[in-house]
Engineer: 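A single structure is presented below for examination.
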Amino acid sequence: MSDRPLKIAVIAGEVSGDLLGADLIAQLKVMHNGPIELVGVGGDALESQGLKSLFDFSELSIMGFTQVLSKLPRLINLISITADAIVQAEPDLLLVVDSPDFTHRVAKKVRSKRPDLPVVNYVCPSVWAWKEYRAKAMLDYVDAVLAVLPFEPAVMQRLGGPETHFVGHRLSSHPDIRRVRQARQARGPRPLGSKRTILLLPGSRGGEIAQLLPIFGQAMQEFVTRNGETRFILPTVARQEARVREMTRDWPTKPEIVVGDAAKWQAFEEADAAIAASGTVILELALAYVPVVSTYKGDWIIRMLSHRIKIWTGALPNLIADYAVVPEYFNDVLRPASLVRWAERLSLDTPQRTAMLSGYDEVWRKLETERPAGEAGAAVVLSVLEKRGKL
């Protein structure tokens with residue numbers, strides 16, 4: 001492998017993408033003999049790898065079409081700023097990580113000005129859920145896709161998309177998840193009659209929290225009424241802590257609000273069950289062996305377009321296992337009483353809990369890979385660079 005310097009442009013639009021991108025870059029530094037310089041957009045994880053972000057990437061953490069529309073002028077401006085900066089930097093490769101509404105628009109602009117620049121997309125867009133035509137359209141500006149779900153390469157091939165490689169999911173090799181899983185398996189379910197601990201995870205975006213936290217609060221009060229004294233833990237991120245504390249200030253029963261990764265993983269280890277926002281956290285909980293009920297509340301435009309969504313489930317464990325491992329409640333059918341009853345069944349030694357944990361074993365099996373996701377992804381990046389004569 002060449003030891004010449006590499007300049008990698010990387011764009012991540014959310015915390016999960018920032019972590020994935022940083023993991024890959026860290027492995028790339030190990031596998032490439034020469035120095036690596038970064039340019040682009042990211043958060044703390046990528047900045048720890050040497051990136052100086054073009055702007056605060058939290059501006060891209062928006063949810064739902066209505067929020068996108070309200071911030072559209074700023075987003076269009078950021079797309080242009082990012083694309084122009086990358087073209088001017090003359091990198092050897094562009095790595096776009098998740099957040100396709102932003103990252104793919106940048107990639108298209110960059111490719112139009114630098115048709116020789118190789119582009120790798122980390123995290124396959126959910127073309128299997130809706131807008132299948134996006135797969136073939138990606139051929140114009142993406143050379144390779146790094147998929148985190150095992151069924152995605154076959155889907156992309158069927159839809160005529162770019163070459164797609166299943167590299168595995170970063171979470172399946174996450175040391176904290178493995179530690180929590182082992183501890184929970186060794187402990188087993190809580191004995192009947194003991195005080196239970198329920199985890200509340202309303203998401204990390206302001207929009208998610210505004211929609212879901214009031215419902216979680218109602219479920220929490222009803223759970224206490226039906227079951228007596230219960231411990232509730234609500235992990236959140238630092239930027240949302242003030243919002244969460246204000247929203248829960250007048251609740252009759254108050255959750256323990258904890259901030260930071262260490263506190264989150266400790267809460268995962270101690271919880272008997274969880275009520276959580278649909279998203280990556282559902283997969284985290286599944287891999288950590290925490291029984292969960294998944295929730296989602298979309299804005300009015302998503303509801304209006306729901307008939308165009310082709311996917312049968314929004315929960316990643318269900319997609320990976322290919323059957324309903326985790327129960328889900330969406331929009332108008334999302335009611336506190338339903339969440340309470342699932343939390344009751346999942347927090348004790350019941351058939352529902354046993355069936356869910358068996359499903360989690362299937363998820364683990366299907367996510368297993370020969371090497372960690374970051375390492376496999378870095379190998380594909382180096383292969384693309386070599387094919388395009390950049391090494």
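If you read the sequence from its start, that first residue is 1, and numbering goes on from there.
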Engineer: Could you tell me whether the side chain of Arg388 and the main chain of Asp116 form a donor-acceptor pair under 3.5 Å?
Structural biologist: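 Side chain of Arg388 to backbone of Asp116: a pair is present.
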Engineer: Relative to Phe268, does Lys264 satisfy both conditions: NZ or CZ under 6.0 angstrom from the six-membered ring centre, and within 45 degrees of the ring's axis?
Structural biologist: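 Yes, Lys264 and Phe268 form such a contact.
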Engineer: Are Lys52 and Glu47 within salt-bridge range, i.e. N to O under 4.0 Å?
Structural biologist: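 No, Lys52 and Glu47 are not salt-bridged.
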Engineer: Would you say Leu94 and Val39 are hydrophobically clustered, going by side-chain heavy atoms of ILVMFWY under 4.5 Å?
Structural biologist: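 Different hydrophobic clusters.
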Engineer: Lys109 and Asp84: salt bridge (charged side-chain N to carboxylate O under 4.0 Å, His left out), yes or no, with the steps?
Structural biologist: CA-CA 8 Å; Lys109 277 184 169 289; Asp84 290 345; over 6 Å; no
Engineer: Side-chain contact, heavy-atom cut-off 4.5 Å: Val167 with Thr369?
Structural biologist: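 Not in contact.
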Engineer: Answer with yes or no whether the side chains of Gln218 and Glu222 bring together a donor and an acceptor at under 3.5 Å.
Structural biologist: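 Absent: no donor and acceptor within the cut-off.
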Engineer: Roughly how far, to the nearest 0.5 Å, is the CG atom of Leu283 from the CD1 atom of Ile177?
Structural biologist: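 Result: 7.0 Å between the selected atoms.
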Engineer: Kindly work out whether a path of hydrophobic side-chain contacts (I/L/V/M/F/W/Y, heavy atoms less than 4.5 Å apart) joins Val259 to Leu201.
Structural biologist: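 No; tracing contacts between hydrophobic side chains, which count when under 4.5 Å, never links both residues.
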Engineer: Could you tell me whether a side-chain N or O of Asp18 sits under 3.5 Å from a main-chain N or O of Ala45, the two making a donor and an acceptor?
Structural biologist: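 Yes, Asp18 side chain to Ala45 backbone: donor-acceptor pair under 3.5 Å.
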Engineer: Taking everything shown except Arg335 itself, do over 12 heavy atoms lie less than 6.0 Å from its CZ?
Structural biologist: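 No, CZ of Arg335 has 12 or fewer neighbouring heavy atoms, counting only those of other groups under 6.0 Å.
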Engineer: Under a 4.0 Å N-O cut-off, is there an ion pair linking Arg184 with Glu269?
Structural biologist: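 Result for this pair is no, no salt bridge flagged.
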Engineer: So, does Thr295 use its side chain to make a donor-acceptor pair with the main chain of Ala276 at under 3.5 Å?
Structural biologist: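 At least one qualifying donor-acceptor pair exists.
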Engineer: Is the NZ atom of Lys195 crowded by more than 12 outside heavy atoms at less than 6.0 Å?
Structural biologist: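 More than 12 heavy atoms, drawn from other residues, nucleotides or ligands, come within 6.0 Å of this atom.
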Engineer: Testing the basics here: between Ala277 and Glu208, what is the closest heavy-atom pair and its distance to 0.1 Å?
Structural biologist: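 Shortest heavy-atom separation between Ala277 and Glu208 comes out as CB-OE2, 4.1 Å.
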Engineer: With a cut-off of 6.0 Å (strictly less than), are more than 12 heavy atoms of other residues, nucleotides or ligands near CG of Asp361?
Structural biologist: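 Yes, the 6.0 Å shell around CG holds more than 12 heavy atoms from other groups.
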Engineer: Check whether more than 12 heavy atoms from other residues, nucleotides or ligands sit under 6.0 Å from atom CD of Gln221, and answer yes or no.
Structural biologist: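 Yes.
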Engineer: Are side-chain N/O atoms of Thr313 and Asn318 paired as donor and acceptor at under 3.5 Å?
Structural biologist: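 A donor-acceptor contact under 3.5 Å links the two side chains.
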Engineer: Inspect the contact between Glu344 and Arg341 and indicate whether a charged nitrogen and a carboxylate oxygen are less than 4.0 angstrom apart.
Structural biologist: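 Result for this pair is no, no salt bridge flagged.
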Engineer: Identify the heavy atoms of Ile209 and Arg243 that sit nearest to each other, and give their distance.
Structural biologist: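 The answer is CG2-CD, 3.8 Å.
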Engineer: If you count the non-hydrogen atoms of other residues, nucleotides and ligands that lie under 6.0 Å from CD in Gln157, is the total more than 12?
Structural biologist: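 12 or below, so no.
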Engineer: Can you tell me how far CG of Asn121 sits from CG of Asp98, rounded to the nearest 0.5 angstrom?
Structural biologist: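 Reported to 0.5 Å precision, the distance equals 8.5 Å.
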Engineer: Is Asp322 salt-bridged to Lys366, cutoff N-O under 4.0 Å?
Structural biologist: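 Looking at Asp322 and Lys366, the cut-off is not met.
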Engineer: Is it true that a side-chain atom of Arg178 and a backbone atom of Ser172 form a donor plus acceptor pair closer than 3.5 Å?
Structural biologist: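 Answer holds: yes.
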Engineer: Is any side-chain N of the basic residue among Arg245 and Glu241 closer than 4.0 Å to the acidic one's carboxylate O?
Structural biologist: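 So Arg245 pairs with Glu241 through a salt bridge.
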Engineer: Could you tell me whether the side chain of Ser383 reaches within less than 4.5 Å of the side chain of Lys387, counting heavy atoms only?
Structural biologist: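 Yes, at least one pair of side-chain atoms sits under 4.5 Å.
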Engineer: Could you check whether atom CD of Glu370 has more than 12 heavy atoms from other residues, nucleotides or ligands sitting under 6.0 Å from it?
Structural biologist: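 Incorrect, the count does not exceed 12.
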Engineer: For Lys7 and Glu90: C-alpha separation, side-chain torsions, deciding distance, then whether salt bridge (charged side-chain N to carboxylate O under 4.0 Å, His left out) applies.
Structural biologist: CA-CA 8 Å; Lys7 182 181 287 187; Glu90 299 185 346; over 6 Å; no
Engineer: State whether the side chain of Asn227 and the backbone N or O of Phe223 hold a donor-acceptor pair below 3.5 Å, judged by distance alone.
Structural biologist: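 It does hold such a pair.
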Engineer: With side chains defined as the heavy atoms from C-beta onward, is the minimum distance between Glu229 and Arg196 less than 4.5 Å?
Structural biologist: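 The answer is no, as the side chains (C-beta and beyond) never meet within the 4.5 Å cut-off.
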Engineer: Please tell me whether Val237 and Val244 are part of a single hydrophobic cluster in this structure, the criterion being side-chain heavy atoms less than 4.5 Å apart.
Structural biologist: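 Unlinked, Val237 and Val244 end up in two clusters.
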Engineer: Would a 4.5 Å heavy-atom cut-off, applied to side chains only, mark Pro327 and Met356 as touching?
Structural biologist: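 Heavy-atom side-chain distance check passes, below 4.5 Å.
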Engineer: For the pair Arg353 and Asp272, find out whether any cationic side-chain nitrogen is under 4.0 Å from an anionic carboxylate oxygen.
Structural biologist: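 Answer for the salt bridge query: no.
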Engineer: Relative to the ring of Trp265, is the ring of His174 parallel (under 30°), tilted (30 to 60°) or perpendicular (over 60°)?
Structural biologist: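 Rings of His174 and Trp265: tilted, 30 to 60°.
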Engineer: State, to 0.1 Å, how close Pro291 and Tyr289 come at their nearest heavy-atom pair, and which atoms those are.
Structural biologist: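 Heavy atoms of Pro291 and Tyr289 come nearest at CD-O, 3.5 Å.
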Engineer: With the side chain counted from C-beta on, respond yes when Val97 and Ile11 share a heavy-atom pair under 4.5 Å apart, and no when they do not.
Structural biologist: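 Contact flag for Val97/Ile11 side chains = no.
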Engineer: Provide the closest heavy-atom pair for Trp364 versus Leu287 in the form atom of the first, atom of the second, distance.
Structural biologist: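 Trp364 and Leu287 have their closest heavy atoms at NE1-O, 3.0 Å.
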Engineer: Compute whether any side-chain donor of one residue and acceptor of the other, for Arg345 and Thr350, lie under 3.5 angstrom apart.
Structural biologist: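 Arg345 vs Thr350: no donor-acceptor pair found between side chains.
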Engineer: Can you name the closest pair of heavy atoms from Gln240 and Arg205 and give their distance?
Structural biologist: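 Looks like NE2-C, 3.8 Å.
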Engineer: Using the rule side-chain contact (heavy atoms from CB on, under 4.5 Å), only one of Asn33, Leu38, Asp92 pairs with Leu6; which is it?
Structural biologist: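 With Leu6 as partner, side-chain contact (heavy atoms from CB on, under 4.5 Å) holds for just one option, Asp92.
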Engineer: Is Val120 reachable from Leu139 through a run of hydrophobic residues whose side-chain heavy atoms are each under 4.5 Å from the next?
Structural biologist: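 They do not share one cluster, since no chain of ILVMFWY contacts under 4.5 Å joins Leu139 to Val120.
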Engineer: Where the side chain of Thr164 meets the backbone of Pro162, is there a donor-acceptor pair that is under 3.5 Å apart?
Structural biologist: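 Here the side-chain-to-backbone pair exists.
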Engineer: So, do Glu37 and Ile8 sit near enough that their side-chain heavy atoms are less than 4.5 Å apart?
Structural biologist: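 Sidechains of Ile8 and Glu37: no contact.
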Engineer: Could you pull out the closest heavy-atom pair between Ala135 and Leu159, with the gap in Å?
Structural biologist: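 Looks like CB-CB, 3.6 Å.
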Engineer: So, do Ser204 and Thr236 sit near enough that their side-chain heavy atoms are less than 4.5 Å apart?
Structural biologist: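 Ser204 vs Thr236: side chains apart.
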